[in-house]
There are 2 protein chains.
Amino acid sequence: MKIPRHIGIIPDGNRRWAEGKGLSKEKGYDQGIDPGLLLFKLCQKVGVKEVTYYGFTADNTKRPTEQRKAFTEACINAVNILSKENASLLVVGNTKSPMFPEELMPYTERKVFGNGGIKINFLVNYSWKWDLYQLKKSTSLSNNINNQIQSNDISRVDLIIRWGGRRRLSGFLPVQSIYSDFFVVDDYWPDFNQEHFYDALNWYNTQDITLGG
Amino acid sequence: MKIPRHIGIIPDGNRRWAEGKGLSKEKGYDQGIDPGLLLFKLCQKVGVKEVTYYGFTADNTKRPTEQRKAFTEACINAVNILSKENASLLVVGNTKSPMFPEELMPYTERKVFGNGGIKINFLVNYSWKWDLYQLKKSTSLSNNINNQIQSNDISRVDLIIRWGGRRRLSGFLPVQSIYSDFFVVDDYWPDFNQEHFYDALNWYNTQDITLGG
């Protein structure tokens, strides 16, 4: 079976999940933490080499304060939990904005935890504009664009899995997603179960990989 | 009903269509010309303001010569046919490569045909790297990225429709596709029928539009 080297995760639907339970929207975010760890362990098990989580974006921070606080808190917790695993972990996002949580500053240089292993990238206060704008500042003469953007330590994504039914990228790593295969799970992220992951892998296994050729 | 302002078209599956008919792969491309015109007329009818066709990419030109010749010829014909309609037409792609067909040079500045109307963009020898690399050369101080790429005359895409079952962007306008909703038709492009288009519109009508917010 063909296993994607790098999986991108768009964990959408937390607010809709909360509403469906009669809770206020911001209550959905901390229900997304356990799924994140479960998913990491599944990636480890099947031999995925790199996984990127779409934590929150600069766009997202325009939401009501209680939501912003809740998703920021959930991301801090998720990163702390992942740092207990065997992995090499990096948080990527615009640290020069007050929306970037100080608690995650120590993770903005890649660090090996435990015995190392999978590369984990966690996007926090990420913005595609911030990512690409770096190209304007690059003085490199190389035509390798991937090396000259802010997220240059994140490699090409083979498979993107999005929970919550939306069929769009919403600004997720535009350069690394150029050739990604895109699998959508209709269930909300807090309702994650491992069948979603295996469905995505089985589907990916049937796709040809041409990289635009 | 909510009509997308700008639709992107990825007309994939021409080669698989030809193989399915027992023809050699390159025979599929000219079967994609009539669908292109039909689709244009449907866009006109429902009030779409802009449509972008993914003609061929720099990546595609690495295919066998007879295929390259056939898809280039099909794009030349398609553009000539569209120039008989009421529209404002622009061909976008890397003209500095020998893979760019001379016949389409006259279309590389936007021109109004007939009574004008819909903006048509037709990507020919397009490359996402070529598109983004322009950012490196921009001396503008603006942080509006869309204005500083090669395809700056093409606006944000609301809905992308891809024929041929693949669920990926394959390098299609990465900046304009950041927030696009993505609809996949399993049928091959030469088997286009208007139900595909209406299915895509009906689905789009049920999506919320948040632009990442």
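Of the residues considered (A/Gly165, A/Ser177, A/Ser140), A/Ser140 shows the highest number of contacts with chain B, using heavy-atom pairs under 4.5 Å. Comparing B/Lys137, B/Gln207, B/Arg166, B/Gln134 by heavy-atom pairs within less than 4.5 Å of chain A, the highest count is held by B/Arg166. By number of non-hydrogen pairs under 4.5 angstrom with chain B, the leading residue of A/Tyr179, A/Phe183, A/Trp128, A/Trp203 is A/Trp128. Note: A/Asp181 leads A/Ile160, A/Val184, A/Leu132, A/Asp181 in heavy-atom pairs under 4.5 Å with chain B. The candidate with the highest count of non-hydrogen atom pairs below 4.5 Å against chain B, out of A/Thr210, A/Asp59, A/Ile178, A/Leu211, is A/Ile178. The candidate from B/Leu169, B/Leu135, B/Thr61 with the greatest count of non-hydrogen atom pairs under 4.5 Å with chain A is B/Leu135.
A/Gln148 touches chain B through its side chain: at least one heavy atom from C-beta onward sits under 4.5 Å away, while N, CA, C and O do not. For chain B, no part of A/Lys62 is nearby; none of its heavy atoms comes within less than 4.5 Å. Of the two parts of B/Leu141, only the backbone, made up of N, CA, C and O, holds a non-hydrogen atom closer than 4.5 Å to a non-hydrogen atom of chain A. For A/Ser142, the part sitting under 4.5 Å from any heavy atom of chain B is the backbone (N, CA, C, O) and nothing else. For A/Leu173, no part lies under 4.5 angstrom from a heavy atom of chain B. A/Ser180 touches chain B through its backbone: at least one of N, CA, C or O sits under 4.5 Å from a heavy atom, while the side chain does not. In this structure, the portion of A/Asn146 lying under 4.5 Å from any heavy atom of chain B is its side chain and not its backbone.
Between A/Phe71 and A/Tyr29, the ring planes lie perpendicular to each other; the angle is over 60°, past the 30° to 60° tilted range.
No hydrogens or angles considered: a donor-acceptor pair under 3.5 Å links the side chains of A/Asn125 and A/Ser97. A donor-acceptor pair shorter than 3.5 Å can be found between the side chains of A/Asp131 and A/Tyr126.
Side-chain atoms of B/Tyr107 never come within 3.5 Å of backbone atoms of B/Phe122 as a donor-acceptor pair (strictly under, hydrogens ignored). Without hydrogens or angle criteria, A/Lys119 side chain to A/Asp153 main chain gives a donor-acceptor distance under 3.5 Å.
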Do A/Asp12 and A/Arg162 pass the salt bridge (Lys or Arg N to Asp or Glu O under 4.0 Å) test, and can you show the C-alpha distance, the side-chain angles, and the key distance before you say yes or no? CA-CA 7 Å; A/Asp12 194 25; A/Arg162 179 170 186 143; 3.0 Å; yes

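The line from NE2 of A/His196 to CG of A/Leu39 is 11.0 Å long, rounded to the nearest 0.5 Å.
Aromatic ring centres of B/Tyr188 and B/Trp163: separated by at least 6.0 Å. For B/Trp189 and B/Phe192, the ring centers sit closer than 6.0 Å to each other.
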